[in-house]
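Notes for the one structure printed next.
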Amino acid sequence: MMSGTGGNDVPPLTGGEVMKELITTDGARLAYQDTGGEGVPLVMLHGWGQTQAMFRHQIEGLAPGRRVVTVDLRGHGKSGKPRHGYRIARLSRDVLELVDRLGLDRFDALGWSMGVSVWWSFIDQYGTGRIRRFVAVDQPAAVAAVPWMTEREQRDSGAIFDVSGLLYLGAALAGPEGDAVRADFVRGMFSGEPDPEVLAFVGEEIRSTPAYAGVPLLFDHCAQDWRDVLPRIDVPTLVVGCEGSHVHPDSQRFVAERIPGARLHVFASDVASSHFPFLENPSAFNAVVEKFLAEEPANGA
């Protein structure tokens with residue numbers, strides 16, 4: 001059903017691990033890294049226009065004690081850039097094929113930004129039976145304020161812009177000034193003066209996603225409304241927000257309140273002040289994630 005190669009020609013994300021490849025059922029080539037190791041694996045999904053390299057500090061900080069799997073979603077990073085499949089539902093199918101390929105019957109799931117939406121789609125379609133614990137980092141329940149939502153619903157869901165704003169952004173990203181628009185978009189995810197190295201790194205990684213892939217995917221991603229999925233998430237969940245992010249912390253409180261039993265952690269602006277707490281302050285981020293993942297289940301499951 002699926003095939004893949006060892007990918008020895010693909011540079012490692014960090015350390016000595018070799019990037020591997022998976023060919024999906026619709027022919028897309030996915031580059032992933034699997035650190036191996038014992039215990040429950042942690043599968044981490046990056047955000048729109050970014051790459052698995054966003055988690056370089058988590059590979060270093062979390063992998064010594066656990067197995068960590070990261071992947072460049074189709075159209076991103078070192079993965080293939082086919083002319084099809086740029087929908088959240090297809091990306092979640094890609095993830096299903098990856099965990100099937102690796103034989104992961106039970107794993108922890110972490111998503112950041114659009115990566116959270118991919119996991120919400122995964123849960124919506126395939127359930128939570130294989131997920132032990134879930135970490136959702138800085139993703140609103142609905143990104144675009146559609147006209148049939150009340151003002152209160154738009155605010156609670158964390159909508160960043162309205163539909164006309166989404167259309168304008170997509171057109172601008174696909175236009176002749178796309179590089180400049182993309183750079184401004186990235187800069188808007190930081191408050192104050194970001195670390196120049198972090199800002200440059202994020203800006204460079206996003207360049208790997210061509211407009212023909214990124215624009216339709218951004219539209220599909222932002223047009224989703226995941227509020228109905230949240231009450232059906234029945235595994236221990238940690239929701240992570242960040243003061244200073246363009247995603248307002250109140251939207252993360254809303255997500256945590258809708259997921260039964262979920263807990264919330266919001267990084268103060270003196271700890272991290274952007275959409276990228278795992279890059280800004282990896283030690284603080286890793287400590288929060290590790291504590292949550294290491295907790296003993298209350299019901300012995």
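Model, not experiment: these values are computed from the prediction.
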Dump the intermediate steps for ring pair (Phe, Tyr, Trp, His ring centres under 6.0 Å) on Y86 and W48, then the final yes or no.
CA-CA 11 Å; Y86 296 108; W48 177 85; over 10 Å; no
Go through it in stages, so that I can follow the logic: the residues are V255 and W120, the test is side chain to side chain contact (heavy atoms under 4.5 Å, CB included), and I'd like the CA-CA distance, side-chain angles, deciding distance and then a yes or no.
CA-CA 12 Å; V255 170; W120 283 337; 4.0 Å; yes
Could you please spell out the steps behind the side chain to side chain contact (heavy atoms under 4.5 Å, CB included) verdict for F278 and Q58?
CA-CA 8 Å; F278 43 86; Q58 285 62 61; 3.5 Å; yes
Might you work through the side chain to side chain contact (heavy atoms under 4.5 Å, CB included) test for W226 and W119, ending with a clear yes or no?
CA-CA 11 Å; W226 302 106; W119 282 125; over 6 Å; no
Given T51 and T70, is the side chain to side chain contact (heavy atoms under 4.5 Å, CB included) satisfied, shown in steps?
CA-CA 9 Å; T51 71; T70 57; over 6 Å; no
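At a threshold of 4.5 Å between non-hydrogen side-chain atoms, the residues H46 and F55 count as touching. L279 has its side chain within reach of M54: a pair of non-hydrogen atoms, C-beta onward, lies under 4.5 Å apart. Between H275 and S113, some side-chain heavy-atom pair lies under the 4.5 Å cut-off. A heavy-atom distance below 4.5 Å is found between the side chains of V163 and V146. By the 4.5 Å heavy-atom criterion applied to side chains, T35 and R66 are not counted as neighbours. Residues L98 and V69 are in side-chain contact: their nearest non-hydrogen atoms beyond the backbone lie under 4.5 Å apart. Put simply, the side chain of F161 reaches to within 4.5 Å of the side chain of V143, judged on heavy atoms. Put simply, the side chain of R132 reaches to within 4.5 Å of the side chain of L293, judged on heavy atoms.
Between atom CG of residue L45 and atom CG of residue L91 there is a gap of 8.5 Å, rounded to the nearest 0.5 Å. The CZ atom of F122 sits 5.0 Å away from the CG atom of L96 when rounded to the nearest 0.5 Å. Distance check, rounded to the nearest 0.5 Å: CG of D195 to CZ of F276 gives 12.5 Å. The distance from the CG atom of L30 to the OG atom of S79 is 4.5 Å, given to the nearest 0.5 Å.
Listed for the E243 side chain is no donor-acceptor partner under 3.5 Å among the backbone atoms of A268. Put simply, the side chain of Q224 gets close to the backbone of D220: a donor and an acceptor are under 3.5 Å apart. The main-chain N or O of R133 is found under 3.5 Å from a side-chain atom of D108 such that the two form a donor-acceptor pair. No donor-acceptor pair under 3.5 Å is formed between the side chain of S269 and the backbone N or O of S273. Although no hydrogens or angles enter the test, the distance criterion places a donor-acceptor pair under 3.5 Å between the side chain of N286 and the main chain of H57. Here the side chain of R101 pairs no donor or acceptor atom with the backbone of L22 at under 3.5 angstrom. Looking only at distances, no side-chain donor or acceptor of R232 sits under 3.5 Å from a matching main-chain atom of D124. Looking at S208, its side chain does come within 3.5 Å of a backbone N or O of G77 through a donor-acceptor pair. Judged by distance alone, with hydrogens and angles left aside, the side-chain atoms of H76 form a donor-acceptor pair with the main-chain N or O of G49 at under 3.5 Å. Panel note: side chain Q154, backbone M149; a donor-acceptor pair is recorded below 3.5 Å.
A211 and L173 get closest at one heavy-atom pair: CB-O, 4.1 Å. Residues H246 and I160 approach most closely at CD2-CD1, 3.8 Å, considering heavy atoms. Taking both residues in full, the closest heavy atoms of Q252 and G241 are given as CG-CA, 3.8 Å, listed atom of the first, atom of the second, then distance. Heavy atoms only, all atoms of each residue included: P140 and S157 are closest at CB-O, 3.3 Å. Across all their heavy atoms, C242 and D138 have their closest contact at N-OD1, 3.9 Å. Considering all non-hydrogen atoms of both residues, V135 and V137 come closest at CG1-CG2, 3.9 Å.
A salt bridge links D26 with R90: the closest approach of a Lys/Arg side-chain nitrogen to an acidic carboxylate oxygen falls below 4.0 angstrom. Using a 4.0 Å cut-off between charged side-chain N and carboxylate O, R253 and D156 make no salt bridge. With respect to R263 and E295, a salt bridge is recorded, a charged nitrogen being found less than 4.0 Å from a carboxylate O. Note on D250 versus R155: no salt bridge recorded, every NZ/NE/NH1/NH2 to OD/OE distance being 4.0 Å or above. Between R56 and E205 no salt bridge is recorded (no basic side-chain N to carboxylate O distance below 4.0 Å). Using a 4.0 Å cut-off between a side-chain N of Lys or Arg and a carboxylate O of Asp or Glu, R227 and E153 qualify as a salt bridge. In this structure, R182 pairs ionically with D179, as a charged nitrogen and a carboxylate oxygen lie closer than 4.0 Å. The residues K78 and E21 are annotated as not salt-bridged, no charged nitrogen and carboxylate oxygen being separated by less than 4.0 angstrom.
Just one of T209, V95, I88, L217 meets the side-chain contact (heavy atoms from CB on, under 4.5 Å) condition when paired with L73; it is V95. Across N281, V288, V289, a single residue satisfies side-chain contact (heavy atoms from CB on, under 4.5 Å) together with F285, and that is V289.
A donor atom on one side chain and an acceptor atom on the other are not found under 3.5 Å apart for S92 and D94. Using a 3.5 Å distance cut-off with no hydrogens or angles, the side chains of S274 and E280 do pair a donor with an acceptor. Residues T25 and E97 have side chains that bring a donor and an acceptor to within less than 3.5 angstrom of each other. Checking Q125 against S121 by side-chain atom types alone, a donor-acceptor pair falls below 3.5 Å.
With sequence neighbours excluded, the residues that form a salt bridge (Lys or Arg N to Asp or Glu O under 4.0 Å) with R67 are D34. Residues satisfying the side-chain contact (heavy atoms from CB on, under 4.5 Å) test with V186, not counting sequence neighbours, are F190, L199, V202, I206. Scored by the side-chain contact (heavy atoms from CB on, under 4.5 Å) test, R258 finds L230, F254 as partners (sequence neighbours excluded).
Checked against the 6.0 Å centroid criterion, the rings of F267 and H265 qualify as a close aromatic pair.
In this structure, R83 satisfies the cation-pi test against Y212, with its NZ or CZ atom closer than 6.0 Å to the six-membered ring centre and inside 45 degrees of the ring normal.
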